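See below for the structure under consideration.
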Amino acid sequence: MTNHKHYRLLALGLILVPCLWAQGNIVTAHADQTSTEEITVSNQPEAQTTRLLTNYVEVGGSYLPMSSKFGHVSGGYARGSITQGKNVWFGEINGQHEFEDAGVYFAAGDTLTINHDWYGSLTLGSSAGGFFWPRLRADGFINKKWFERGQFITTAGFGYYQSKDVHRDHSFYVGSTYYFSKPWVLEEGVHFNLSNPGTVYSPSGFVAVTQGRDKHYFLTTRLGLGEEAYQLVGPTASLNDFQSQTFTVTWRKWIHKSWGFNVVGDYYHSPFYSKGGSLIGIFKDF
């Protein structure tokens with residue numbers, strides 16, 4: 001692998017959690033390098049925090065054509081979460097076809113409320129088939145609320161990603177979230193990723209803004225950019241040492257107080273190919 005160039009992040013990025021469901025509990029999803037809970041369907045997006053809708057189930061599917069004769073990405077998923085005391089348990093099954101291969105990813109996690117100001121989360125994931133899925137994924141985050149309303153939150157996290165070839169990633173995340181008095185939320189964060197073999201450094205950042213209210217709708221726009229140390233495009237083939245950009249728009253709409261739908265438009269660009277398409281899901285609160 002070639003030596004990785006240090007990417008210049010845009011002012012550490014400003015980010016808002018792509019799936020902002022309720023003001024009370026921020027929880028971290030599995031944040032794997034193709035996370036559907038974050039509602040992006042990029043090949044290998046960075047790990048990141050996200051807000052879950054608690055006590056719900058959701059099913060959906062996605063389709064994204066790719067340029068440069070890479071075919072398309074398509075798949076379906078089922079996920080949900082349930083609150084038990086101070087714990088929010090989350091689970092997901094995601095089947096996907098990509099680069100002429102197919103596989104299923106499984107993830108489960110828990111977010112624990114430690115006290116009024118602190119909460120943390122841990123998520124584990126693995127897969128069956130699909131060379132593009134991780135053999136093992138683990139992510140942990142710790143969060144601290146600040147100020148009178150707890151409207152400012154700082155987050156730090158660590159992740160481990162074991163690919164189905166020789167690559168291994170260790171990542172560190174730092175960021176913050178601010179809740180305005182009106183229905184807007186803004187978060188900033190940066191990922192510092194170290195890949196082996198080769199000790200390749202690949203930082204990244206993203207910016208997003210969400211507007212809306214729980215049980216009505218949430219509209220999120222998100223821009224991400226950074227370095228990728230590698231990306232598997234075959235069982236023994238990878239793209240190495242390049243920059244990529246993503247842009248995602250997510251609309252989560254309640255039709256009734258207990259159910260609704262997600263519509264997501266996602267675009268990914270790299271020097272090797274572009275990918276763009278949509279994800280559609282239906283959710284039910286309980």
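Bear in mind that the values here come from a model prediction, so they are computed numbers and not experimental data.
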Next on the checklist: Run T210 and T220 through side-chain hydrogen bond (donor to acceptor under 3.5 Å, both in side chains) and show every step you take.
Outcome noted: CA-CA 4 Å; T210 291; T220 300; 2.4 Å; yes

Next on the checklist: Assess the residue pair Y105 and Y77 against the criterion (ring pair (Phe, Tyr, Trp, His ring centres under 6.0 Å)); give the C-alpha distance rounded to whole Å, side-chain angles, the decisive distance to 0.1 Å, and a yes or no.
Outcome noted: CA-CA 9 Å; Y105 179 80; Y77 68 89; over 10 Å; no

Next on the checklist: Under the criterion side-chain hydrogen bond (donor to acceptor under 3.5 Å, both in side chains), I'd like the reasoning laid out for N240 against S238: C-alpha separation, chi angles, the key distance, then a yes or no.
Outcome noted: CA-CA 6 Å; N240 301 317; S238 65; 3.2 Å; yes

Checklist entry - Going through the checks in order, is the side chain to side chain contact (heavy atoms under 4.5 Å, CB included) test met by F99 and Q231? => result CA-CA 11 Å; F99 297 119; Q231 182 184 123; 4.0 Å; yes

Item to check | Evaluation steps, side chain to side chain contact (heavy atoms under 4.5 Å, CB included), between T111 and Y119 | outcome: CA-CA 7 Å; T111 292; Y119 60 96; 4.2 Å; yes

Item to check | Criterion side chain to side chain contact (heavy atoms under 4.5 Å, CB included) on M66 and H72, from CA distance to verdict | outcome: CA-CA 5 Å; M66 295 189 286; H72 68 274; 5.7 Å; no

Checklist entry - Please walk me through it: do Y201 and F192 pass side chain to side chain contact (heavy atoms under 4.5 Å, CB included)? => result CA-CA 7 Å; Y201 176 62; F192 304 94; 3.1 Å; yes

Checklist entry - Could you go step by step and tell me if E228 and S202 meet the side-chain hydrogen bond (donor to acceptor under 3.5 Å, both in side chains) rule? => result CA-CA 6 Å; E228 292 190 48; S202 54; over 6 Å; no

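To the nearest 0.5 Å, atoms CG (N87) and CG (D110) are separated by 4.0 Å. Between atom CG of residue D117 and atom CG of residue N143 there is a gap of 12.0 Å, rounded to the nearest 0.5 Å. From K284, atom NZ reaches atom NE2 of H256 across 7.5 Å, with rounding to the nearest 0.5 Å. Rounding to the nearest 0.5 Å places CZ of F283 at 8.0 Å from CD1 of I255. Rounding to the nearest 0.5 Å places CD1 of I153 at 9.5 Å from OG of S176. Between Y273 atom OH and S68 atom OG the span is 9.5 Å, to the nearest 0.5 Å.
The number of heavy-atom neighbours closer than 6.0 Å to CD1 of I282, taken from other residues, nucleotides and ligands shown, is 12 or below.
With sequence neighbours excluded, no residue forms a side-chain contact (heavy atoms from CB on, under 4.5 Å) with I280. Under the side-chain contact (heavy atoms from CB on, under 4.5 Å) criterion, T236 pairs with no residue at all, not counting sequence neighbours. Listed by chain and number, the residues in a side-chain contact (heavy atoms from CB on, under 4.5 Å) with F106 are I93, V104, A128 (sequence neighbours excluded). Residues satisfying the side-chain contact (heavy atoms from CB on, under 4.5 Å) criterion with W118, sequence neighbours excluded, are I114, N115, I142, K144.
Looking only at side-chain heavy atoms (C-beta outward), L194 and D169 stay at 4.5 Å or farther from each other. For the pair P197 and H167, the minimum side-chain heavy-atom distance is below 4.5 Å. Residues V73 and Q96 are in side-chain contact: their nearest non-hydrogen atoms beyond the backbone lie under 4.5 Å apart. Counting only heavy atoms from C-beta outward, the side chains of T246 and F206 never approach each other to under 4.5 Å. Inter-residue side-chain proximity for E227 and D241 is flagged as met; some heavy-atom pair is nearer than 4.5 Å. Taking the side chain as every heavy atom from C-beta outward, W89 and Q84 approach each other to under 4.5 Å. At least one side-chain heavy atom of D165 sits less than 4.5 Å from a side-chain heavy atom of L232. Under the 4.5 Å side-chain criterion, counting only non-hydrogen atoms from C-beta, Q211 is in contact with P183.
K275 and D266 are not joined by a salt bridge, as no carboxylate oxygen comes within less than 4.0 angstrom of a charged side-chain nitrogen.
In this structure, K253 is not positioned above the aromatic face of F261 in the sense of NZ or CZ being under 6.0 Å from the six-membered ring centre and within 45° of the axis. A cation-pi geometry, defined here as NZ or CZ lying under 6.0 Å from the six-membered ring centre and within 45° of its normal, holds between R252 and W254.
The six-membered or imidazole ring of F286 lies away from that of Y56, with a centre-to-centre distance of 6.0 Å or more. Taking the six-membered ring wherever Trp is involved, the centroid distance between the rings of F70 and F272 does not fall below 6.0 Å. In this structure, F247 has its ring center at least 6.0 angstrom away from the ring center of Y267.
In terms of heavy-atom proximity, F218 sits nearest to R213 at CZ-C, 3.5 Å. When all heavy atoms are compared, the tightest approach of G157 to F141 is CA-CD2, 3.7 Å. Counting all heavy atoms, side chain and backbone alike, S270 lies closest to Y268 at CB-OH, 3.7 Å.
Under a hydrophobic-cluster definition in which Ile, Leu, Val, Met, Phe, Trp and Tyr are linked whenever side-chain heavy atoms come within less than 4.5 Å, directly or via other members, V263 and Y217 are assigned to the same cluster. A continuous path of hydrophobic side-chain contacts links W251 to W259 [ILVMFWY only; heavy atoms under 4.5 Å]. Under the 4.5 Å side-chain heavy-atom criterion for grouping Ile, Leu, Val, Met, Phe, Trp and Tyr, V233 is not connected to V166 through any hydrophobic cluster.
Between the side chain of R168 and the main chain of S195, no donor-acceptor pair closer than 3.5 Å is present. Formation of a donor-acceptor pair under 3.5 Å by the K257 side chain with backbone atoms of K215 is not found in this model. Judged by distance alone, with hydrogens and angles left aside, the side-chain atoms of S274 form no donor-acceptor pair with the main-chain N or O of S67 at under 3.5 Å. Formation of a donor-acceptor pair under 3.5 Å by the D101 side chain with backbone atoms of F131 is found in this model.
Other residues sharing the hydrophobic cluster of F158, ordered by chain and number and joined by side-chain separations under 4.5 Å: none, the residue standing alone. Hydrophobic cluster of Y160: the remaining members, joined at side-chain heavy-atom separations below 4.5 Å, are L136, listed by chain and number.
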